[in-house]
Amino acid sequence: MTYIKANSVLPEELVKEIQKYIQGETIYIPKPEKSYKQWGALSGERKRIDERNAYLKQTYKNGVPMNQLATEHFLSVETVKKIIYSK
């Protein structure tokens, strides 16, 4: 997170209005909800996990036991069960 001086980006009237509530402190202004990205969307991690989970479901349907899938993917058997039985 970077810090920007309010005086350099906000109109003087708005800075004066904000100063009525807070002065000399750091304030966080969040992004609008419509510009939020889902976790892992930028790094591609969400896609990788979704692909791994689809692979686990398919290989389980093809007869590979859960404990083997857990070992191959460094997951617990309980985690593999949750993935396989999720919709």
Residues 20-39 side chain polar contacts: donor-acceptor under 3.5 Å, at least two apart:
residue, atom, partner, partner atom, Å
K20, NZ, E17, OE1, 3.1
Q23, NE2, Q19, O, 2.2
S35, OG, P32, O, 2.9

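- With sequence neighbours excluded, no residue forms a side chain to side chain contact (heavy atoms under 4.5 Å, CB included) with A54.
- Among pairs with a residue in residues 63-77, those fulfilling side-chain hydrogen bond (donor to acceptor under 3.5 Å, both in side chains) read Q68-E72, S76-T79, at least two apart in sequence or across chains.
- With sequence neighbours excluded, the residues satisfying side chain to side chain donor-acceptor pair (under 3.5 Å) with N62 are Q58.
- Among residue pairs with one or both ends in residues 40-52, those qualifying as side-chain hydrogen bond (donor to acceptor under 3.5 Å, both in side chains) are E45-R48, R46-D50; sequence neighbours excluded.
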Could you please spell out the steps behind the salt bridge (Lys or Arg N to Asp or Glu O under 4.0 Å) verdict for K16 and E12?
CA-CA 6 Å; K16 286 180 181 180; E12 185 178 339; 3.2 Å; yes
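- Residue L56 belongs to a hydrophobic cluster whose other members are Y60, V64, M66, L69, L75, V77, V80, I83, I84, Y85, with links defined by side-chain heavy atoms closer than 4.5 Å.
- Note on I4 and L14: same hydrophobic cluster, where clusters join Ile, Leu, Val, Met, Phe, Trp and Tyr whose side-chain heavy atoms are under 4.5 Å apart, directly or indirectly.
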